[in-house]
Amino acid sequence: MTTIATWNVNSLRTRLEHLKKWANERDPDIILLQELKCQEEHFPREAIEDLGYNVAILGQKSYNGVAILSKSPVEDIVYGLPTFQEDEQARYIEAFVDGVRVASVYVPNGQEVGSDKFAYKMKFLKALRKHGEDLLVQNEPLVIAGDYNIAPFVSDGHSPERFKGERILCSLQERETMRSLYNTGFIDGFRLKYPDTLPESQGQFSWWDYRSGSYQNNKGYRIDHLLLSPKAADLLQDAGIDPETRSEQRPSDHAPVWIKLSNG
DNA sequence: ATGGTAGCAAAGCTA
C-alpha cells in the first residue's frame, strides 16, 4: 500500500514541527508540499531526511515553492510546468516514485475574479490541463495533487450562497475550469471515497481562513485535491483529510489530504 | 461587514 498526501504548509520552516508530528502519525510514503516560502538553500533538508524522506525541491524566496518528499528514491524530476515554461513562480514539480508519476501543484489564488492575478490563475490552469492531457496519454498511474484554490461544487464549501456570485475559489469560471480537468480524465480521489451524497462527506474541508474564527465554526472549503489518472483510480483503497492539524498552535491554514493506493 | 489573520521581511504584498 502506498499513502500519498498533499499539504499546503504555508511556510515549511515555520511548520517543520507540525510536519514532523503529522508525518510520524500518518506515515505517508509520498508527501507533496506547497507554499514552502523558501529557496532551496534554506530548505530544512537534514530534518526532512531524518524523517526518512528523499526530497525534490522547487523553491522560491518568500512566496510559493513546492516539493516532493518520498521514502523511495525520486526519479525523473520535472521542474515547472513544461507547458508554461515562462512562468517565473515556483508552483509545479513532478517526479516518478514507487511506480507512480506524482506532481505537487500550487495553483495561483487569483485574488479577485477579473483581476490580473485571476487571468494568471486561468492561464496556469489551462497549461496544467494541457500538461495533464500529455501525461494521461501514457496510460499509467498518475497523481497530480496540491492546492488548486478551487472549491469544485457547492458541497465543497460551507455556504451555498458563496457559489452564486463571483467569489474567488467558488466562481463559475473557476469551477468550470476544474470540471475541464475532470473531463480530461482526472478523478478526484477524495470524492471517489466520499461522494457528496454521503452524509459523512458533508463539512469535510481542507482550508479555513485564519480570520474570523473560520476553523472554530468549520467555515472552510475543500480546495486541496488529489487528481488521479484512471489507472491510479483503479488502485484507490482509501482517502481522507486530517483536519486536526488545524487545531495545533500556529497551524497552517490548510490541512493535509491523502489517499492510499494498492500496489498494482 | 472591504475588516478580519498570518508569513515574509522589514513596508507592502500575497493569501
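Here is how names work: the chains are called A, B, and so on, in the same order as the sequence lines, proteins then strands, and each is numbered from 1. Note that this is a predicted model, so its numbers are computed, not measured.
If you take CZ of Arg13(A) and C1' of dA6(B), they are 15 Å apart, rounded to a whole angstrom. The interatomic distance linking Gln34(A) (CD) with dG7(B) (C1') rounds to 17 Å, in whole Å. Whole-Å rounding puts the Leu36(A) CG to dG7(B) C1' distance at 13 Å.
Nearest to the side-chain atoms of Ser62(A) among the listed nucleotides dG12(B), dA9(B), dA15(B) stands dA9(B).
Between Arg91(A) and dA15(B), a side-chain N or O to OP1/OP2 separation shorter than 4.0 Å is present. Contact check, Thr14(A) against dG7(B): no side-chain N or O comes under 4.0 Å of OP1 or OP2. Taking 4.0 angstrom as the limit, Lys117(A) places a side-chain polar atom (N or O) nearer than this to OP1 or OP2 of dT14(B). In terms of phosphate contacts, Arg250(A) brings no side-chain nitrogen or oxygen within less than 4.0 Å of OP1 or OP2 of dT5(B). Of the side-chain N and O atoms in Ser11(A), one or more sit less than 4.0 angstrom from OP1 or OP2 of dC8(B).
Judged by distance alone, with hydrogens and angles left aside, Tyr63(A) brings no side-chain donor or acceptor close enough to the base of dC8(B) to form a pair under 3.5 Å.
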Listing time: all N or O pairs from protein to nucleotides 2-4 of chain B that are below 3.5 Å?
| from | atom 1 | to | atom 2 | distance (Å) |
| --- | --- | --- | --- | --- |
| dG4(B) | O6 | Arg211(A) | NH1 | 3.1 |

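Of the two residues near DNA chain B, Gly110(A) and Leu12(A), the one whose nearest nucleotide lies more 5' is Leu12(A).
For the pair Arg101(A) and Phe96(A), the cation-pi test (distance below 6.0 Å, angle within 45°) is failed. The side-chain tip of Lys20(A) does not point at the ring of Trp22(A) from less than 6.0 angstrom away and within 45° of straight on. The cationic atom of Arg222(A) (NZ for Lys, CZ for Arg) does not lie both less than 6.0 Å from the six-membered ring centre of Trp207(A) and within 45° of the ring axis.
dA6(B) and dA10(B): their C1' atoms are spaced 16 Å apart (whole Å). Atom C1' of dG3(B) sits at a distance of 15 Å from the matching atom of dA15(B), rounded to the whole Å. Distance check on atom C1': dT14(B) versus dA9(B) gives 13 Å, rounded to whole Å.
Just one residue in the list Arg191(A), Arg175(A), Arg162(A) forms a salt bridge (charged side-chain N to carboxylate O under 4.0 Å, His left out) with Asp156(A), and that residue is Arg191(A). Of the candidates Asp87(A), Asn149(A), Thr177(A), Phe124(A) forms a side-chain contact (heavy atoms from CB on, under 4.5 Å) with just one, namely Asp87(A).
For the atom pair His225(A) NE2 and Asp188(A) CG, the distance stands at 6.5 Å (nearest 0.5 Å).
Not less than 6.0 angstrom separates the ring centroid of Tyr182(A) from the ring centroid of Phe186(A).
Across all strands, Tyr106(A) comes closer than 4.0 Å only to sugar-phosphate atoms, never to a base (heavy-atom distances).
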